[in-house]
Trainee: 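First the structure, then my questions, so here it is.
As the structure is a computational prediction, the values presented were derived from the model and not from experiment. Lettering follows sequence order; numbering is per chain, from 1.
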There are 4 protein chains.
Amino acid sequence: MSERMDQWLTELVRLNEDDRVTDRQLNILRAAVEVFAEKGFAAASTSEIAQRAGVAEGTIFRHYKTKKDLLLSITVPVIDEFVGPFLLRDLETILTAQHERFEDFLRAVLFNRLQFAKKYAQVLRILAQEIPFHPELKAQLKQYVTENVLKRLVGIIEHFQEKGEIARIPARTVIRLTVSVILSHVVLRHILFHDAPWRDDEEIEMTVRFIVQGLRPDASRDQK
Amino acid sequence: MSERMDQWLTELVRLNEDDRVTDRQLNILRAAVEVFAEKGFAAASTSEIAQRAGVAEGTIFRHYKTKKDLLLSITVPVIDEFVGPFLLRDLETILTAQHERFEDFLRAVLFNRLQFAKKYAQVLRILAQEIPFHPELKAQLKQYVTENVLKRLVGIIEHFQEKGEIARIPARTVIRLTVSVILSHVVLRHILFHDAPWRDDEEIEMTVRFIVQGLRPDASRDQK
Amino acid sequence: MSERMDQWLTELVRLNEDDRVTDRQLNILRAAVEVFAEKGFAAASTSEIAQRAGVAEGTIFRHYKTKKDLLLSITVPVIDEFVGPFLLRDLETILTAQHERFEDFLRAVLFNRLQFAKKYAQVLRILAQEIPFHPELKAQLKQYVTENVLKRLVGIIEHFQEKGEIARIPARTVIRLTVSVILSHVVLRHILFHDAPWRDDEEIEMTVRFIVQGLRPDASRDQK
Amino acid sequence: MSERMDQWLTELVRLNEDDRVTDRQLNILRAAVEVFAEKGFAAASTSEIAQRAGVAEGTIFRHYKTKKDLLLSITVPVIDEFVGPFLLRDLETILTAQHERFEDFLRAVLFNRLQFAKKYAQVLRILAQEIPFHPELKAQLKQYVTENVLKRLVGIIEHFQEKGEIARIPARTVIRLTVSVILSHVVLRHILFHDAPWRDDEEIEMTVRFIVQGLRPDASRDQK
DNA sequence: CATGAATGAGCCTTCATTCAT
DNA sequence: GATGAATGAAGGCTCATTCAT
């Protein structure tokens, strides 16, 4: 696992317990991420996690009351990280930079998400696999999205619609289409086909162009 | 479960055993689809499946040697059905109908896939969830796609590129983008948000328009 | 299995049900003998027996109420056959032939038992394996032996002791030693090492000589 | 079960795991020996073993990966013990003691084997019952016998043949007859009829005398 | 704090036996 | 009489979780 991952894991534990993070905990989390990603939550055994982490079986349960707790301690923070930061950090600047074109916005977002997915590929896989079976996770994600993301996105869309860069179709549909393409790109690149050769720059450009053109107002219909 | 589902299950069993299908078998499959979809394969218990099917646990194993066999008897046929028919049945006609525009082609495909997903929503969910953990399934899908789908799609893309309806970008990228949007539409519509209200006709039109415009040759760049 | 075996099986069934013996029954018994011998009673499955017999699973239970019944229908007659006939048929003549030497008696018995074991090897194996776990079988064998065999054997022993061919040691001990050697010979020859090459005539002679000499009165001690 | 048995079990576990032996492990082994002996391996249930051992069923599988492992951990050491020690310990001295008569050799061996069988009666019963169904066990026994026992025995036989105490018949046959009688004595005494009253000293003497006389060179034939 | 032995519920699967056809 | 689908009890084994050391 990458060094970056470790850093993230460290942050992760700090967030949960704001205590000192022992190596043991880190090992457990690392092992858990590995095994959950490989076999899925239900088929993963705590004993295998313990083994890979180099700790006793009981030790896991000193830090995480149940196996599910262990899962949540990994996934929950990612939900907040996945959709949040690009809004909180990057987007703020994007939005305030009024002169930006929609194209540049897209490019920034796509680039940002690709970075993110590269870093968290394994955990995102876990998240994707487990969300259907854990209503709390689903609820949490839904809540986060509706509360923090949707409104802001709608604002952004309308902003670019007013600038005439996006056709006057419902914001929700614009989001659906845009997110579909970006998410697919990310998933294909870092989750499904991370082994295949990718000409990243070209593909990014084509994805951006695709969205921009796809959403551009119709010369005959929308404009004028 | 819908009546249509039952018909499909019936076909399914016929394909496997080309015998008469008993009600019991149907019940077992129905219950298995339900429980697998709800809890995932690993967390599903054969005893619950038996209970929901109203049969003894042993009965399941008379028809399916193992729990995994039961899974495969559900998923395998769908792999062949998911990517196959739209090419073999619908597309043939579309392709031979030379006058068709790319737009019409897309509309037909999207419509067709939406129908399919509506019918098989639950099983598709199972398939999506289990594919990462069952290499044979993954291999089978991969093989099917590369052998039967990709080449044909490339041919179609090039056809429309020659007609000037699609920009001269790599066929693979065209496929990636198009499939991303169509698949996302289908998944959002019938897998993730099947409960939400959908104005289907409008959304279909917007999806089609999005793709068509997104892939259209640039007036300044590609044309001329 | 040999033709001889089939004949025996036919007799066997006749004894039990004194009805017509169908091919089906014969097949079942044949299969049962095979599977019991290979895997042992407990590890043998009625379904495998049915399969090998080429009948339906249920058919077995039409003829034999339980799996154990099937076992008993095979073993019980053999108990009577194993120890009985050589007394009832052959021995009578042996005994009445007063001029016989002990040596000739032994040779006749050993030869007879070898024939028997060759014919029934598989069933004897089953019997040996199962007797410890089926008290009724054990009891039946014990009863048969004590009632029909022991007394007669004692008579024979004493007969030869009076003739001065056997030392004056307790008849029980004589029986123990003689039967040990004969049984061992038979078991080694037809149960344990039936594949190995045997120079039967020589070995029989040496076994007979061993017993005769071993039991012969001591020139110094017993005689006189 | 006897105290001696416990000691043996303790050694047994030590050999396997060279760790301290817990009471629990001893209880499990004790119970396993009991149940296997009573019902045979296939018909013995781990749940009954657990119950008799006073432990949870899962506990068994912490110490022995499978039910068969449990069997092997009991039987395998006995194979080495059964045929080995009397050669390695007792026989060495017997052989080096040149003045010994064959008779004394036999007496020593028989006595030694009786002691051994008394101690391990139950386990020997298990071994005898299970060997036909476990090829590895059979192979191990065969290997041990051919490698360690046969050659030495042949040497001993020839030694006494040269001293004129044993007739000049093939060593293999001598072994077959001798081992038959000794093994039968042991089996009858401690495995089959351990409840019956035995006048051990007398029977031992008669067995020894039987073998010695049975194998003695014929005055008229072999000698001279 | 960490350990790992112990637990016991629960899992998948087998199998002797029954019974409607 | 024969069939074979159905049964459900029981089996071996796994695993999350607890707790004495």
Trainee: Quick one: B/Ile28 CD1 to E/dC12 C1', roughly how many Å, whole number?
Mentor: 15 Å
Trainee: Take atom NZ of D/Lys39 and atom P of F/dG12, then tell me their distance rounded to the nearest Å.
Mentor: 11 Å
Trainee: Can a salt bridge be assigned to the pair D/Glu48 and D/Arg52 using a cut-off of 4.0 Å between side-chain N and carboxylate O?
Mentor: yes
Trainee: Classify D/Ser45 by what it touches in the nucleic acid, base, sugar-phosphate, or nothing, heavy-atom distance under 4.0 Å.
Mentor: sugar-phosphate
Trainee: Verify the contact: side-chain N or O of A/Thr46 to OP1 or OP2 of F/dC15, cut-off strictly under 4.0 Å; return yes or no.
Mentor: no
Trainee: Output yes when at least one side-chain N/O atom of D/His63 is less than 4.0 Å from OP1 or OP2 of E/dA6, else no.
Mentor: yes
Trainee: Between E/dA2 atom P and A/Gln25 atom CD, what is the distance in whole Å?
Mentor: 8 Å
Trainee: By nearest nucleotide on DNA chain F, pick out whichever of B/Ala56 and D/Gly58 is the more 5' one.
Mentor: B/Ala56
Trainee: What integer distance in Å separates A/Ile49:CD1 from F/dT14:P?
Mentor: 17 Å
Trainee: Between B/Phe41 and D/Ile60, who's closer to the 5' end of DNA chain E by nearest nucleotide?
Mentor: D/Ile60
Trainee: Expressed in angstrom and rounded to an integer, what is the separation of C/Leu71 atom CG from E/dA16 atom P?
Mentor: 13 Å
Trainee: Distance check needed: E/dT21 C1' versus B/Arg24 CZ, whole Å only.
Mentor: 13 Å
Trainee: Mind checking who E/dT7 pairs with, Watson-Crick or G-U wobble, both distances under 3.5 Å?
Mentor: F/dA16
Trainee: Could you pick out which residue, B/Arg62 or D/Thr66, lies toward the 5' side of DNA chain F when each is mapped onto its nearest nucleotide?
Mentor: B/Arg62
Trainee: In plain terms, say whether D/Lys68 and D/Glu136 are close enough for a salt bridge, that is, a side-chain N and a carboxylate O under 4.0 Å apart.
Mentor: yes
Trainee: For C/Asn27 and C/Arg24, test the side chains for any donor-to-acceptor distance below 3.5 angstrom and give the result as yes or no.
Mentor: no
Trainee: Which base sits across from F/dT21 as a Watson-Crick or G-U pair, both distances under 3.5 Å?
Mentor: E/dA2
Trainee: For B/Glu57 and F/dA5, what is the distance between atoms CD and P respectively, to the nearest whole Å?
Mentor: 19 Å
Trainee: Assess the side chains of D/Glu57 and D/Ser47: does a donor N or O sit below 3.5 Å from an acceptor N or O?
Mentor: no
Trainee: Looking only at side-chain atoms of B/Phe61, point me to the closest of F/dA6, E/dT13, F/dG12.
Mentor: E/dT13
Trainee: Of the nucleotides F/dT17, E/dT13, E/dT17, which one has an atom closest to the side chain of A/Lys67?
Mentor: F/dT17
Trainee: Rounded to the nearest angstrom, tell me the gap between atom CG in B/Leu70 and atom P in E/dC11.
Mentor: 15 Å
Trainee: Do the rings of C/Phe41 and C/Phe36 sit parallel, tilted or perpendicular, given the 30° and 60° boundaries?
Mentor: tilted
Trainee: Which part of the nucleic acid, if any, lies within reach of D/Ala44 when heavy atoms closer than 4.0 Å are counted: base, sugar-phosphate only, or nothing?
Mentor: sugar-phosphate
